[in-house]
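To start, the structure itself, in structure tokens.
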There are 2 protein chains.
Amino acid sequence: MASVTIRDVAKKANVGIGTVSRVINKSTAVSQETRQKVLAAIQALGYTPHPLARRLSLGRTLTVGVVLPFLTLPSYVERLRGVQQMLEDSEYDLSLHSRENPAKLNQLIDELSLNKSVDGAIVFSLIPSELQIQQFAQARIPLILVDACHPDVNRVYIDDEKGGYLATSHLIELGHRKIAFLSDYLENPFKFTAMRKRYDGYRRALEQAGLPFRPDYHQEGTLGARDSFEKAKILLSLPERPSAVFAASDTHAVGVIKAAHELGLKVPENLSVVGYDDIRDAEYLDITTIHQPLFESGKESVNILLASLIEPPEAPSDVKLPIELIIRGTTARPT
Amino acid sequence: MASVTIRDVAKKANVGIGTVSRVINKSTAVSQETRQKVLAAIQALGYTPHPLARRLSLGRTLTVGVVLPFLTLPSYVERLRGVQQMLEDSEYDLSLHSRENPAKLNQLIDELSLNKSVDGAIVFSLIPSELQIQQFAQARIPLILVDACHPDVNRVYIDDEKGGYLATSHLIELGHRKIAFLSDYLENPFKFTAMRKRYDGYRRALEQAGLPFRPDYHQEGTLGARDSFEKAKILLSLPERPSAVFAASDTHAVGVIKAAHELGLKVPENLSVVGYDDIRDAEYLDITTIHQPLFESGKESVNILLASLIEPPEAPSDVKLPIELIIRGTTARPT
DNA sequence: CTGTTAGCGCATTCAC
DNA sequence: GTGAATGCGCTAACAG
């Protein structure tokens, strides 16, 4: 009923509460004898330190906040998994913060930097405002950006421009000349930048190969297979139909493949498709794609965070994770 | 630098800290005049109440814990989305707890019921032990089971046996006689029960139609499309090949469809497939399936939780959500 | 080594 | 209405 506190333990063990605290935090030396007494009392009473009291006293929340736009994207979930797993053996809790609305999301980040509710924050795909970055710094709350970059902030990311270039080049090397690009909206309310960079890589590869950029070969659609499907159908119904599509995410790629089937096109015989991200489904659906270490990016962000918590670093971490073209079954020479 | 506390605000506004607290919690009456003074001081100092101190004093953690086995299953993520969205406008934080290992997961639930770290807990697909259920009750921590049932605990669930029956009956009504069943392991370390019930429904439908149950028509594989793919190939390579497969989850169904393609079978012309869950991909991939309100189940669990927090209910909530057969493009009459 | 005391920052009685 | 005092449960600094 009445929660058992450290005082109860102290009384039962005939020691002061300080000693009990010492035993719990296995910090300073306590004689073997009294330690046993205390341990026995704790056992007998089924005592558990009250986390809030402990944290308030410590001046640490022992909580890591993860901020992400939405859970509907497999890549975010995979990153979250990485974060979760890395936090598993630490003393930190994971508090999840997500808002599917850009304004609310922004407000969320603000609160996280102002309310002293987390010891550190990991943000996916978003670049906080300069002010927010200052607020985190001022509050001494380590901030890690995943899949986003800012010179003053710890970051774990990949070279998206290069990824776009790799994907497109692969198609060019196979002999494709008519290469379409399907992406999320380059300009978007969340201000994601990855799509823009992949687009830049696409353009660069085309240019380098002396291929013209055709605006009608570029379609934008919301993330998610549904819209991709519709947009892909537009691309594949063009008078001069592309022989290959670079889809800026695997989810988009699924849409393209579906559209191809719908239009009676065989992949990769009649249409080559390259995706991006290498989410779990990509391997399974045998999609040629740009692999990016999603799970690892989550883990790495936690590593940086925990290290920063122990000792504030001089300069922000800059971890560029490797990407790799994974050739699977959705790309082939044009026929 | 030095965190601004309630005391600073009080000093600046020339009032006592009690008054500041009253203004913050808009509880007791405060004169319009002093309220303005306090508000101004708060504004000027950029004061934010320290969450931990507030919670310790209130005796409430203002945190809801969600426990789930893994994030690799789309249906869990969708449920989590529902929880998150419902919590968004509340004063509660969401702490995420997941362990992909049964033993660790069990330990997690134990801690949650013992450590006073959450005001309420939502558990996905698992039935805590009797002892754990008692611990939650004793700690007065409302517990909500989603996709799992226990007579003494709040629960949000669906009738899985009926779902299995509906799916199988649909195939029978189309004229199928050779109906295979692909599911997760009926006996599993997490002790999930949904699969077993869907299996029971499958058996009942067969029996009712006078169709024999054939053990070789039942394959079990881990969740996830990969393994489903392999197991589906076994089913589809049987001498007497089934004309239809009831897949106990949409993820399994995707595996079956993939296997069918691999073996040169057209869906639904040569093979009908019914899935289960109606995850986002199912609509998109046009899979006939049993719809279950995943997102809503998450929302509903929060509703029950918040209500229990305001007023402990006499009896546990029992919310059975409706399921529905959604006929899409993967089922047809056998040819 | 160990008991005691003083906060951590806030909510909430109490008197005024 | 409002201020001061008490306590939430714990850690840490301080004496002994």
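Protein chains get the first letters and strands the later ones, always in sequence-line order, with residue 1 at the start of each. Here the structure is a predicted model, which is why all the values come from computation and not from measurement.
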Q. Who are the salt bridge (charged side-chain N to carboxylate O under 4.0 Å, His left out) partners of B/Asp93, not counting sequence neighbours?
A. B/Arg55

Q: Please name all residues satisfying side-chain contact (heavy atoms from CB on, under 4.5 Å) with A/Leu73, sequence neighbours left out, ordered by chain then number.
A: A/Phe70, A/Ser75, A/Tyr76, A/Leu223

**Q.** Value in whole Å for how far the P atom of D/dG7 lies from CD1 of A/Ile17
**A.** 14 Å

(Q) Test of understanding: with side-chain hydrogen bond (donor to acceptor under 3.5 Å, both in side chains), list the residues that count as partners of B/Asn303, not counting sequence neighbours. (A) none

Q: Name the closest nucleotide to the B/Ser21 side chain, picking from D/dT11, C/dA11, D/dT2.
A: C/dA11

Q. Looking only at N and O atoms, is any donor in the side chain of A/Arg55 or the base of D/dG9 less than 3.5 Å from an acceptor on the other one?
A. no

Q: Send over the distance from A/Ile24 CD1 to D/dG9 C1', rounded to a whole Å.
A: 10 Å

Q | Neighbours of DNA chain D within residues 33-54 of chain B, by heavy-atom distance under 4.0 Å | A | B/Thr34

Q: Indicate the atoms forming the closest heavy-atom contact of A/Thr5 with A/Tyr47, along with that distance.
A: C-CE1, 3.5 Å

Q) Does OP1 or OP2 of C/dG3 have a side-chain N or O of A/Thr19 closer than 4.0 Å? A) yes

Q) Does A/Lys299 pair with A/Glu296 as a salt bridge, N-O distance under 4.0 Å? A) no

Q | Closest contact, heavy atoms only, A/Val146 versus A/Ser301 | A | CG2-CB, 3.5 Å

Q) Among C/dA11, C/dG3, D/dG3, which nucleotide sits nearest the side chain of B/Ile6? A) C/dA11

Q. Pick one: which of B/Ile144, B/Asp119, B/Leu87 meets side chain to side chain contact (heavy atoms under 4.5 Å, CB included) with B/Val64?
A. B/Leu87

Q | Atom pair distance, as rounded to whole Å: CD in B/Gln32 and C1' in D/dT2 | A | 16 Å

Q) Hey, what bend do you get for the helix from C/dC1-D/dG16 to C/dC16-D/dG1 if you fit axes on five pairs at each end, rounded to 10°? A) 40°

Q) Would one find more than 12 heavy atoms of other residues, nucleotides or ligands at under 6.0 Å from atom CD of B/Glu91? A) yes

**Q.** More than 12 heavy atoms from other groups under 6.0 Å of CD on A/Glu311
**A.** no

Q. Base, sugar-phosphate alone, or nothing: which one does A/Ser31 contact when heavy atoms must sit under 4.0 Å apart?
A. sugar-phosphate

(Q) Does B/Val20 reach a base, just sugar-phosphate, or nothing at all? Heavy atoms under 4.0 Å. (A) nothing

Q) Which residues within residues 56-65 of chain B lie with some heavy atom under 4.0 Å of an atom in DNA chain D? A) B/Leu56, B/Ser57

Q: Take the protein atom NZ of B/Lys116 and the nucleotide atom C1' of D/dC10, then report the distance between them rounded to whole Å.
A: 16 Å

Q) Do B/Glu130 and B/Gln134 have side-chain N/O donor and acceptor atoms under 3.5 Å apart? A) no

